[in-house]
Asks: 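Okay, here's the structure, questions in a sec.
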Amino acid sequence: MFKYVIQLILGFLTLLMSTAISWYEGSGIIDNPFEWKYSTPFSQLFNNEIISGQDISQLDYFVYAAKFQPFFPTIMTVSVLYIFTVLFFFIYQLNRQLAIILSGIISCVFIVISGIFFNSSTVGGNVFFWITAVCALVFMCITISLWYKKIQCLSVSTST
């Protein structure tokens, strides 16, 4: 239990640090009005008309950072993946059925996210597509292998 707590604390600290740096890097959108139309989906979602840089949603900072300076947003994504993986292994020891469900949900979430970044025209978008696509594939394989292992155990127990 203690090793999971330490790993979760390290994952959350890494997430916090990379989030702060990404937020700072993404604040550069304020000075780039040519990107306001293309890199502000949250401001547009909230129906805010962007007249000045102060009208941009804070969430759009992360979009801008992910598009043009993807290193720390990638660290954010990897740390979230690490936190999910540690939680998965902890839950797997407690309840294998719940671990299979959690792994399936995580793979579906990463499939949706990779679909959002499919055919991106920026380097950051391509990086996020490949990271999320590989994560989806890994968690899908984990889900299938655990499900297959569970089916094997059930068939062995019913045949005896």
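Owing to the predicted nature of the structure, the values given are computational and were not obtained by experimental measurement.
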Asks: Do F139 and L81 touch side chain to side chain, with heavy atoms closer than 4.5 Å?
Replies: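 Yes, their side chains come closer than 4.5 Å.
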Asks: Tell me which donor-acceptor pairs under 3.5 Å the side chains of residues 108-118 have, and how far apart each pair is, sequence neighbours excluded?
Replies:
| residue | atom | partner | partner atom | Å |
| --- | --- | --- | --- | --- |
| S114 | OG | F110 | O | 3.2 |
| S114 | OG | I111 | O | 2.9 |

Asks: With side chains defined as the heavy atoms from C-beta onward, is the minimum distance between F90 and L8 less than 4.5 Å?
Replies: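 They are not in contact (no side-chain heavy atoms under 4.5 Å apart), so the answer is no.
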Asks: Mark yes or no for whether Q7, through its side chain, and Y82, through its backbone, hold a donor-acceptor pair below 3.5 Å.
Replies: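 Between the backbone of Y82 and the side chain of Q7 there is no qualifying donor-acceptor contact (under 3.5 Å).
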Asks: Only pairs at least two apart or in different chains count here, so list each side chain to side chain donor-acceptor pair (under 3.5 Å) that has a residue in residues 97-110.
Replies: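 The answer is Q97-K150, S103-T143.
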Asks: Tell me whether D55 contacts the main-chain N or O of S52 through its side chain, where contact means a donor paired with an acceptor under 3.5 Å.
Replies: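 Yes, because the side chain of D55 sits within donor-acceptor range (under 3.5 Å) of the backbone of S52.
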Asks: Out of curiosity, I131 CD1 to T77 OG1, how far, rounded to the nearest 0.5 Å?
Replies: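 Going from CD1 on I131 over to OG1 on T77, the span is 6.0 Å.
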Asks: What pairs with F62 under side-chain contact (heavy atoms from CB on, under 4.5 Å), at least two apart in sequence or on another chain?
Replies: T19, S22, W23, M76
Asks: Using the side-chain contact (heavy atoms from CB on, under 4.5 Å) criterion, which residues pair with L10? Sequence neighbours excluded.
Replies: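 I6.
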Asks: Should L137 and I144 be regarded as members of a common hydrophobic cluster, given that ILVMFWY residues are connected when their side-chain heavy atoms come within less than 4.5 Å of each other, either directly or indirectly?
Replies: no
Asks: Quick one: closest heavy-atom pair of D60 and S43, and the distance?
Replies: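 Result for this residue pair: OD2-OG, 2.5 Å.
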Asks: Would you confirm whether S39, through its side chain, and W36, through its main-chain N or O, come within 3.5 Å as a donor-acceptor pair?
Replies: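 Side chain of S39 to backbone of W36, a donor-acceptor pair under 3.5 Å: no, none is there.
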Asks: Cut-off 3.5 Å, no hydrogens considered: what does the side-chain donor-acceptor table look like for residues 26-33, sequence neighbours left out?
Replies:
| residue | atom | partner | partner atom | Å |
| --- | --- | --- | --- | --- |
| S27 | OG | Y24 | O | 2.6 |
| N32 | ND2 | Y64 | OH | 3.2 |

Asks: Which residues, ordered by chain and number, are linked to I75 in its hydrophobic cluster, where ILVMFWY side chains connect at heavy-atom gaps below 4.5 Å, directly or through other members?
Replies: M17, I21, F71, F72
Asks: Taking the side chain as every heavy atom from C-beta outward, state whether F46 and S57 have any atom pair closer than 4.5 Å.
Replies: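 A side-chain contact exists here, since the closest heavy-atom pair is under 4.5 Å.
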